[in-house]
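Remarks on the structure that follows.
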Amino acid sequence: MEKREEKYRGKAKTVYATDDRRYLVMHYRDDVSAFDGAKLARLEGKGETNNRINAYVMGKLADAGIASHFVRLLNDRESLVRAMKMVPVECVVRNICAGSMAKRYGIDEGYRLPEPIFEFFLKSDALHDPLVNDDHIRVLGWATQHEIEEMKSLTHRVNRVLKPLFAEAGIDLVDYKLEFGHPIDDPNGPLILGDEFTPDGCRLWDAKTGEKLDKDRFRRDLGEVIEHYREVGRRIGAPL
Ligand code: UDP
């Protein structure tokens with residue numbers, strides 16, 4: 001597979017074409033952003049760490065029968081992925097109340113939910129990713145009713161794999177964000193998981209001490225961000 005021109009530069013990853021239109025190279029940079037791009041920095045080693053954690057997690061999901069766009073690791077910072085047409089919404093599952101949910105409903109961060117809560121957000125930095133419901137998504141044409149059901153069901157299935165995986169590593173999986181799409185060579189097939197699963201897109205708390213091990217270390221200026229990301233990788237058994 002030959003790497004070709006840059007296709008898209010996001011806030012933390014750059015995507016390159018390959019000589020096969022069905023595949024892309026996903027390059028994990030050291031850039032980190034928060035608050036819809038308002039806070040930016042470079043964290044030495046983040047690209048490498050996230051590339052490896054993502055590969056490991058996607059592998060575990062594949063073992064559990066959950067398909068993703070991840071194909072294989074190419075090098076320290078790059079992975080080969082299937083080219084996708086993404087659904088423009090973000091799927092969040094929460095096991096413990098934190099972040100925007102704590103703020104929106106005035107509930108203490110750390111409240112353990114009796115069962116997981118699913119939320120949809122529209123993917124739009126300009127609009128600050130507003131919370132949306134099934135009707136918004138269906139009526140405004142961002143996804144069909146069937147795709148809505150698929151996204152909910154897949155996001156809950158991911159929870160049933162990853163919650164115990166992190167729990168065995170002494171980590172609470174508090175919440176996380178997933179994105180889905182159709183591979184461009186299978187536009188009418190089932191939705192599959194796209195984007196990434198790394199400490200940039202989830203909340204992970206040490207189960208004993210409550211210490212934050214995720215991007216909240218950057219958002220809240222807690223320091224030693226990458227040291228904690230690496231600790232997550234090491235504990236879940238990802239080869240770093
Ligand atoms: N999240 C993300 N990208 C976004 C918004 C949220 O990866 O654009 C993740 C976030 O890291 C957290 C979960 O989704 O693990 C829920 O985020 P929340 O709605 O609480 O928003 P936040 O407080 O992170 O802005």
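In each ligand, atom 1 is the first atom listed, and ligand 1 is the first ligand listed.
Counting only heavy atoms from C-beta outward, the side chains of Ser68 and Ile192 never approach each other to under 4.5 Å. In this structure, the side chains of Arg112 and Asp172 come closer than 4.5 Å at one or more pairs of heavy atoms.
By the 4.0 Å heavy-atom criterion, Phe121 is counted among the residues contacting ligand 1. For the pair Lys215 and ligand 1, no heavy-atom separation below 4.0 Å is found. Contact annotation: Lys103 has no heavy atom less than 4.0 Å from any atom of ligand 1.
The distance from ligand 1 to the heavy atoms of Cys202 drops below 4.0 Å at these ligand atoms: 11 (O), 15 (O). Short contacts between ligand 1 and Arg94, defined as distances under 4.0 Å to a heavy atom of the residue, involve ligand atoms 16 (C), 18 (P), 19 (O), 20 (O). Heavy-atom contacts of Gly99 reach the following atoms of ligand 1: 20 (O), 23 (O) (cutoff under 4.0 Å).
Salt bridge annotation for Asp76-Arg52: present, with a cationic side-chain nitrogen under 4.0 angstrom from a carboxylate oxygen. A salt bridge between Arg203 and Asp214 is absent, with no side-chain N of the basic residue lying under 4.0 Å from a carboxylate O of the acidic one. Salt bridge status for Arg234 with Glu231: present, with a side-chain N to carboxylate O gap under 4.0 Å.
Ring geometry, His27 versus Tyr16: the interplanar angle exceeds 60°, so the pair is classed perpendicular (tilted spans 30 to 60°).
Ranking the protein heavy atoms by distance from atom 5 (C) of ligand 1 puts Glu90 OE1, 3.7 Å first. Considering only non-hydrogen protein atoms, atom 15 (O) of ligand 1 sits nearest to Asp175 OD1, 2.6 Å. Here the heavy atom of the protein found nearest to atom 8 (O) of ligand 1 is Asp129 OD2, 2.9 Å.
Atom 18 (P) of ligand 1 has its nearest heavy-atom neighbour, among Ala102, Gly37, Ser100, in Ser100. Of the candidates Lys177, Arg203, Arg219, the one placing a heavy atom closest to atom 11 (O) of ligand 1 is Arg219.
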Evaluate Val81 against Met58 for side-chain contact (heavy atoms from CB on, under 4.5 Å), listing each step before the verdict.
CA-CA 11 Å; Val81 299; Met58 292 297 173; over 6 Å; no
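Two different hydrophobic clusters hold Ile171 and Tyr229 under the rule that ILVMFWY side chains link at heavy-atom gaps under 4.5 Å.
Within a 4.0 Å radius of atom 25 (O) of ligand 1, the protein contributes no heavy atom.
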